[in-house]
Peer 1: 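Take a look at the following structure, please.
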Amino acid sequence: MLSASWMYEMDLSQLIRRDVYEWEIPMRGAMRVPGIIYASQDLIRAMDDKVLEQTANVAMLPGIVSASYAMPDAHWGYGFPIGGVAAFDAEEGGVVSAGGVGFDISCGVRCLHTGVDLDELKQKQVVLADGLYRGIPAGVGSTGKISLSDREMTEMLTGGAAWAIAQGYGRAEDLARIEENGRMQGADPKAVSAHARRRQRDEMGTLGSGNHYLEVQIVSEIFDKKIANVFAIAEGDVVVSIHCGSRGLGHQIGTEYLKEMAQSAAGLGIALPDRELACAPIHSPLAQRYLGAMRSAINCALANRQVITHLTRQVFSEVFGRELQLPLLYDVSHNTCKVEEHLVGGTKMNLHVHRKGATRAFGLDHPDLPQELKAAGQPVLIGGSMGTASYVLAGTGMEIAFGSACHGAGRAMSRHAAKKRWQGRKLVDQLAGRGILIRSPSMRGVAEEAPGAYKDVSSVVDAAQEAGLARVVAKLLPLVCVKG
DNA sequence: ATGTTC
């Protein structure tokens, strides 16, 4: 079959099919471990062949353990593919890479139960869409009502969502449903530049732009009733999903440390297959400073989603004329580097696991999960593209790709190509005709985010399940979308 | 992703 010229296309001849949903990039050249891509044949065909190249490049980095992995939604990123997972062993010269985390540090998804039923929602849908759009700043450079002093900034960078709650944005019980209990340990605000702090000063509680959004969604289908019960979701439930990250602060940290790692790599004798893979040995002062700054950015993202949660609760309570609690289902990040214990060839190891556009997906009984979720596994929140479905999955275990799963639909077309092909206003009107209300300050941004510019999220989560990365629990369909 | 180009 001939493909249209705008579509990505992967050359499959370089891959060995290990299983129906598992493709190996065999070791060659400077690769220290193989590459593994989890995908269906259709998904892998539609992948940019840069994914193969980048997954192989990551496999050349010092101290990498087991394999360089790519998730079913992988696409071309800066250095590492987006949808990439790679773990490094400090004792084997392992590295930390700013490009392995990405610019939007700790970008993630948080899902809230609303307790509102569909009939009630439909009656207030327009008012709710307008209220959320007014209440939650969205778009490039968006600022909110909160302005942090330098001291407050430091407290936020070490306190995360726990800081936000102490400031009155939310409730203490929210913390148990956030990765790291809402507060990432090991943050070092001194490793965050004055410039990064300045950029963030007025950006708390804002969505940002690109693929970030706040959506009101309906649970349209349950695939695993037992796990859905543990997650307390049922068909017909209305939920809210918030997708955003660490805004200007994370971006600035990423920019500065990428530059510094690139400059120092040569001096440290690390040969890079691609200068975008700039990294530093885990034991080096530079890597430790980056980790301190990156963990501060994780706290920033957790605090940001916490403030947005508070604003969302205010809008819902106002619109529906009663106090609505909107408790958390879960909050999970998909751009991080975390030190985690993993079993490798029967040996327990502490590894620096980079997940870039990949979600943590810890399985049953993992000690980091709250007690009430241990029987189900960690909720894995998969954001779809604008106007399409999202999914709730559950982690299945730690064995495959270090307990990771996909994070979203993944682009199938560049932003540039999407802008040429679609008009934002027309998309908004078409979606409104289907009962999906879009609110956005940027029609250009809406065109870039056209549903047709993304892979089919259903086939992505299907591949994730078939590959054993996670289990599909529920499908969510959008009703309102505030888009950056 | 991003005060969308240091």
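Labels below follow one simple rule: chain letters A, B, ... track the order of the sequence lines, proteins then strands, and each chain is numbered from 1. When reading the values below, keep in mind they use all heavy atoms of this one structure, side chains included, and skip hydrogens, waters and symmetry mates.
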Peer 1: Report which part of the nucleic acid A/G254 touches: base, sugar-phosphate, or nothing (heavy-atom distance under 4.0 Å, all strands).
Peer 2: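 If one applies the 4.0 Å heavy-atom cut-off, A/G254 turns out to touch nothing in the nucleic acid.
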Peer 1: Tell me every residue that passes salt bridge (Lys or Arg N to Asp or Glu O under 4.0 Å) with A/R177, counting only those two or more places apart in sequence or in another chain.
Peer 2: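 Applying salt bridge (Lys or Arg N to Asp or Glu O under 4.0 Å) to A/R177 gives A/E372.
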Peer 1: Just the rounded figure in Å: distance from P of B/dT2 to CG of A/N335.
Peer 2: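 In whole Å, B/dT2 P and A/N335 CG are 11 Å from each other.
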Peer 1: How close or far is atom C1' of B/dT2 from atom CZ of A/R198, stated in whole angstroms?
Peer 2: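 In whole Å, B/dT2 C1' lies 16 Å from A/R198 CZ.
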Peer 1: Between A/Q252 (CD) and B/dC6 (C1'), how many Å, whole number?
Peer 2: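 In whole Å, B/dC6 C1' lies 11 Å from A/Q252 CD.
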Peer 1: Look at A/R289 together with A/D188 and state whether they make a salt bridge at an N to O cut-off of under 4.0 Å.
Peer 2: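 Salt bridge absent between A/R289 and A/D188.
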Peer 1: A/L249 has an atom CG; how far is it from atom P of B/dT2, in whole Å?
Peer 2: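 Atom CG in A/L249 sits about 12 Å away from atom P in B/dT2.
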Peer 1: Remember a base hit wins even if backbone is also touched, and classify A/G210 as base, sugar-phosphate or nothing at under 4.0 Å, heavy atoms.
Peer 2: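 If one applies the 4.0 Å heavy-atom cut-off, A/G210 turns out to touch the sugar-phosphate alone, with no base involved.
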Peer 1: Round to the nearest Å and state the distance from A/D202 atom CG to B/dT2 atom P.
Peer 2: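 It works out to 16 Å between those atoms.
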Peer 1: At 4.0 Å (heavy atoms only), tell me whether A/H195 reaches a base, stays on the sugar-phosphate, or touches nothing.
Peer 2: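 Here A/H195 touches the bases of the nucleic acid.
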Peer 1: Whole angstrom is fine here: how far is it from CG in A/L258 over to C1' in B/dT5?
Peer 2: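 Answer to the nearest Å: 16 Å.
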Peer 1: How would you label the contact of A/S209 with the nucleic acid (heavy atoms, under 4.0 Å): base, sugar-phosphate, or nothing?
Peer 2: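 Base: the residue A/S209, judged by heavy atoms under 4.0 Å, touches a nucleobase.
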Peer 1: Check A/I37 against A/L15 and note the closest heavy-atom contact, atom names and distance.
Peer 2: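 Nearest pair, atom of A/I37 first, then A/L15: CD1-CD2, 4.4 Å.
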Peer 1: Please determine if A/R411 and A/E449 form a salt bridge, counting it only when a charged side-chain N lies under 4.0 Å from a carboxylate O.
Peer 2: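 A salt bridge is present here (some side-chain N lies under 4.0 Å from a carboxylate O).
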Peer 1: Can we say A/D174 and A/R305 salt-bridge, meaning some charged N sits less than 4.0 Å from an Asp/Glu carboxylate O?
Peer 2: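 Result for this pair is no, no salt bridge flagged.
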Peer 1: Describe the nucleic acid contact of A/R444 in one word from base, sugar-phosphate, nothing, applying a heavy-atom distance below 4.0 Å.
Peer 2: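 Here A/R444 touches the bases of the nucleic acid.
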Peer 1: Contact class for A/E448 (heavy atom, under 4.0 Å): base, sugar-phosphate, or nothing?
Peer 2: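 Here A/E448 touches no strand at all.
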Peer 1: Between atom NE2 in A/H251 and atom C1' in B/dC6, what is the gap in whole Å?
Peer 2: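 Between C1' of B/dC6 and NE2 of A/H251: 13 Å.
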Peer 1: Quick one: A/E449 CD to B/dT2 P, roughly how many Å, whole number?
Peer 2: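 Distance check: A/E449 CD to B/dT2 P gives 11 Å.
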